[in-house]
Structure formats: C-alpha cells, structure tokens
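Below is one structure; the comments refer to it alone.
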2 protein chains.
Amino acid sequence: MEFNDKVPIYYQIKTVIYDQIIAGERQPGEKLPAVRQLAVSLTVNVNTVQRALSEMIAEGAIVSKRGKGNFVTEDTQVIETIKTQLITEHLSNLYEQLHRLNIDDQDIINALVTYIERRGNSDDNH
Amino acid sequence: MEFNDKVPIYYQIKTVIYDQIIAGERQPGEKLPAVRQLAVSLTVNVNTVQRALSEMIAEGAIVSKRGKGNFVTEDTQVIETIKTQLITEHLSNLYEQLHRLNIDDQDIINALVTYIERRGNSDDNH
DNA sequence: TAACGTGTACTAGCTTACTATTACACTATA
DNA sequence: TATAGTGTAATAGTAAGCTAGTACACGTTA
C-alpha cells in the first residue's frame with residue numbers, strides 16, 4: 001500500500017480500516033485478517049499494525065480475542081457514531097480550509113458542484 | 001500557534017503562509033517578517049521556519065534576498081496557479097474520503113449544504 | 001568603518017515512528 | 001498432547017523532525 005509520508009503510517013492504517021468498516025466492506029462481528037497477514041499485505045511491520053489496532057480497540061470499534069483474532073464490533077451504534085464523526089470532520093476540514101482562502105459559503109458549494117460535474121464528465125473516473 | 005502532531009510542523013507553517021498569500025493577507029511583493037521573528041511568533045525554531053520557507057522559495061512563491069528579507073513573489077500568475085491547485089486538492093480530498101465511506105455524489109453535496117446551513121444557524125460561528 | 005538586521009549553514013542532542021527479531025500467552029484441532 | 005494459528009510484549013537499531021546554539025554572509029545605515 002502507498003502511504004503519505006506526511007502522516008504516521010499507523011494512523012493511515014487506522015483510517016483505512018475505519019473507512020472499510022463504515023463503508024460496510026467489513027461487517028459487524030466479522031473477523032479481520034491476522035495481524036501478521038495484515039502486516040504482509042500492507043507491507044508494514046506487525047508492530048505498526050498492532051499500534052493501529054490498539055487504538056481502534058480502545059475506541060471500541062474492534063474487539064480483540066487473544067488466540068482467536070480481531071473482530072469488528074457488533075455494536076452498530078458505535079460504528080454509526082464514528083461514521084457521523086468522520087463525515088462531519090471531513091466537511092469541517094473542507095469548509096475551514098476554503099474559508100481560509102477567503103472563499104464564501106456559496107462559492108464553496110459551487111466549487112464542489114463544479115468539481116463533481118467535471119469529474120463525472122472526464123474519462124478517468126478514479 | 002497550535003500544531004497538529006500528525007503532520008510535520010514545517011509543513012503546517014508552509015500551509016498557513018500559502019493560505020495567507022492566497023487570501024490576500026500578504027500581498028505580492030510584500031516583505032515577510034524576519035525568520036527569527038516568525039520563529040518567535042510561531043513559537044518554533046528558526047530552522048523549522050527556514051525549512052518551510054526553503055520549499056516555498058523552490059516553488060517560486062517566495063523570493064529570498066540575502067541581508068534584506070523574504071518577499072512574496074510579484075508574479076501573480078504563480079499565486080493563481082497555487083490557489084487553483086490548493087482548491088482542487090481540498091475538493092478532491094473531500095470527494096475521495098466521502099466516496100470511500102460509500103456516499104454518492106448527490107449525498108456529498110447535500111451533506112455539505114446541510115453542514116453549512118447548520119453552521120450558519122449555530123451561535124459559535126468559528 | 002562599525003553596528004545591526006537580515007538570510008543561511010552546521011553541529012549535537014532529543015523524541016517519535018518504524019523496522020526486525022524474539023519471546024510469550026491463549027485457542028483450536030489433528 | 002503436540003502443533004499451528006492467533007494476539008501481545010519487549011528489545012535494539014535506524015531515520016526523520018525538531019530544538020538549541022553557534023557561526024558566517026550580505027545589506028543598510030549611522
């Protein structure tokens with residue numbers, strides 16, 4: 001996996017797994033790949049994976065069962081809360097950043113709409 | 001100044017100064033505060049400021065005159081280009097991140113509109 | 001010319017993040 | 001019971017970012 005060298009790798013791993021859980025790619029109660037397996041597929045050290053998981057365990061999104069594996073929580077309420085937090089955080093970031101560039105509310109919306117339209121028309125969607 | 005400990009300080013300084021230039025708070029040709037002064041006001045080391053400025057000099061946004069000071073470029077075309085890049089980058093980030101959460105185009109726009117409306121109604125604007 | 005305000009460069013030491021490696025604890029199963 | 005698969009912990013080494021401190025180069029001005 002490619003990482004942004006401006007942000008700690010363990011933090012980016014955490015973000016990716018959260019995204020997968022929220023997007024429904026990893027269902028509540030589902031077992032995650034073994035830490036050693038995750039480390040290999042992410043081309044990263046086991047300790048780095050462990051650090052990401054530890055924080056998610058502390059936050060209640062992952063449940064760890066020694067000898068068995070790590071599992072996505074079955075508490076969908078926790079997942080919903082995290083989803084809401086993440087979305088608000090992303091919207092807030094965009095808003096703050098464009099506001100800092102002296103762009104007003106309406107222009108922020110217009111810019112997003114235009115961006116999405118252009119993206120829809122171009123061939124390289126993604 | 002407060003810094004996000006997930007991103008290098010020099011990089012955050014760079015971002016802040018770019019934002020100021022683009023927002024028009026620092027005009028083309030304007031002299032920046034002395035590096036030692038910036039270091040004090042940002043409560044950061046001179047070397048850290050220098051690192052941020054070096055990159056902006058390399059990118060053509062800042063012009064350094066030894067013994068005189070650092071100045072915002074007078075080439076407004078360079079500033080315009082950076083502005084466009086930054087805006088697109090921020091929009092792209094939001095789009096990618098919300099898409100990863102399995103939110104479609106229309107819902108992304110709706111979410112932003114709702115976010116801005118709520119923000120406008122609340123008292124703590126900022 | 002002397003003093004001061006500038007940018008720039010270099011060294012040394014500290015902390016955090018990451019890696020590699022080893023070891024240990026628990027569970028399932030042949 | 002032995003083996004394999006799992007999570008967890010601890011050590012040691014490397015690299016990047018930051019700080020403190022010192023020194024030097026250039027420009028302005030008294």
Side-chain angles (χ1 to χ4, degrees), chain A residues 1-18 20-21 26-75, chain B residues 1-18 20-21 26-75:
Chain A
M1 181 180 158
E2 298 166 19
F3 294 104
N4 174 350
D5 67 358
K6 294 288 186 302
V7 182
I9 293 175
Y10 81 89
Y11 198 79
Q12 296 180 61
I13 292 174
K14 200 177 147 181
T15 300
V16 167
I17 297 179
Y18 266 141
Q20 293 171 340
I21 293 174
R26 296 195 189 276
Q27 293 289 321
E30 185 179 326
K31 181 174 181 296
L32 293 181
V35 289
R36 290 173 180 77
Q37 181 54 44
L38 277 175
V40 170
S41 63
L42 295 168
T43 56
V44 135
N45 189 273
V46 180
N47 298 322
T48 307
V49 172
Q50 190 62 34
R51 176 156 183 187
L53 294 182
S54 300
E55 294 198 358
M56 292 193 284
I57 291 166
E59 291 161 12
I62 299 289
V63 176
S64 169
K65 298 180 184 171
R66 196 185 190 101
K68 297 173 116 177
N70 291 306
F71 301 80
V72 177
T73 180
E74 295 185 3
D75 185 342
Chain B
M1 181 180 157
E2 299 165 18
F3 294 104
N4 174 349
D5 67 357
K6 294 287 185 304
V7 182
I9 294 175
Y10 82 89
Y11 198 79
Q12 296 181 61
I13 292 175
K14 199 176 148 181
T15 301
V16 168
I17 297 179
Y18 266 141
Q20 293 172 339
I21 293 173
R26 296 195 189 275
Q27 294 290 322
E30 185 180 325
K31 182 175 179 299
L32 294 180
V35 289
R36 290 174 179 78
Q37 181 54 45
L38 277 175
V40 169
S41 64
L42 295 169
T43 56
V44 134
N45 190 273
V46 179
N47 299 321
T48 308
V49 172
Q50 190 62 34
R51 176 155 184 187
L53 294 181
S54 299
E55 294 198 357
M56 292 193 283
I57 291 166
E59 292 162 10
I62 299 288
V63 176
S64 170
K65 298 179 184 171
R66 197 187 189 100
K68 296 172 112 176
N70 291 306
F71 301 81
V72 177
T73 180
E74 295 185 2
D75 185 342

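Here is the naming used below: chain letters follow the sequence lines, and residue numbers restart at 1 for every chain.
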Sorted by number, the residues of residues 2-10 of chain B with heavy-atom contact under 4.0 Å to DNA chain D = B:Pro8, B:Ile9, B:Tyr10

ask   = Which distance, rounded to the nearest 0.5 Å, do you find between the CD of A:Gln20 and the CD of A:Gln27?
value = 12.0 Å

task = Determine, step by step, whether A:Leu53 and A:Ile17 satisfy the side-chain contact (heavy atoms from CB on, under 4.5 Å) criterion, reporting the C-alpha distance in whole Å, the side-chain angles of both residues, the deciding distance to 0.1 Å, and the verdict.
result = CA-CA 9 Å; A:Leu53 294 182; A:Ile17 297 179; 4.1 Å; yes

note = With sugar-phosphate taken as primed atoms, P, OP1 and OP2 and all else as base, the protein-contact string of nucleotides 1-6 of chain C at under 4.0 Å (heavy atoms; B, S, -) is ----BB

key: Sequence neighbours excluded - salt bridge (Lys or Arg N to Asp or Glu O under 4.0 Å) pairs with any residue from residues 59-72 of chain A   = A:Lys14-A:Glu59

request  = Might you work through the side-chain contact (heavy atoms from CB on, under 4.5 Å) test for B:Thr73 and B:Ile21, ending with a clear yes or no?
outcome  = CA-CA 10 Å; B:Thr73 180; B:Ile21 293 173; over 6 Å; no

task = Scan residues 45-61 of chain A against DNA chain C and write down, sorted by residue number, each residue with any heavy atom closer than 4.0 Å; if none is found, say none.
result = A:Asn45, A:Asn47, A:Thr48, A:Arg51

remark   = residues 40-54 of chain B vs salt bridge (Lys or Arg N to Asp or Glu O under 4.0 Å), sequence neighbours excluded, gives none

remark   = Closest non-hydrogen contact found for B:Pro28 with B:Glu74 is CB-CA, 4.0 Å

Identify each donor-acceptor pair in which a side-chain atom of residues 35-45 of chain A lies under 3.5 Å from a protein atom, sequence neighbours left out, and give them as a table.
residue	atom	partner	partner atom	Å
A:Ser41	OG	A:Gln37	O	3.3
A:Ser41	OG	A:Leu38	O	3.1
A:Asn45	OD1	A:Asn47	N	2.8
A:Asn45	OD1	A:Asn47	ND2	3.1

Under the side-chain hydrogen bond (donor to acceptor under 3.5 Å, both in side chains) test, residues paired with B:Gln50 that sit two or more places apart = none

Bounds of contact between DNA chain D and chain A, in 5' to 3' order, using a heavy-atom cut-off under 4.0 Å = D:dG5 to D:dA10

Using a 3.5 Å cut-off and no angle test, enumerate the donor-acceptor pairs between side-chain atoms of residues 5-12 of chain B and protein atoms at least two apart in sequence or in another chain.
residue	atom	partner	partner atom	Å
B:Gln12	OE1	B:Asn4	N	2.8
B:Gln12	NE2	B:Asn4	O	2.6
B:Gln12	NE2	B:Val7	O	2.7

inquiry  = Checking A:Ser64 now: which residues fulfil side-chain hydrogen bond (donor to acceptor under 3.5 Å, both in side chains) with it, not counting sequence neighbours?
reply    = A:Asn70

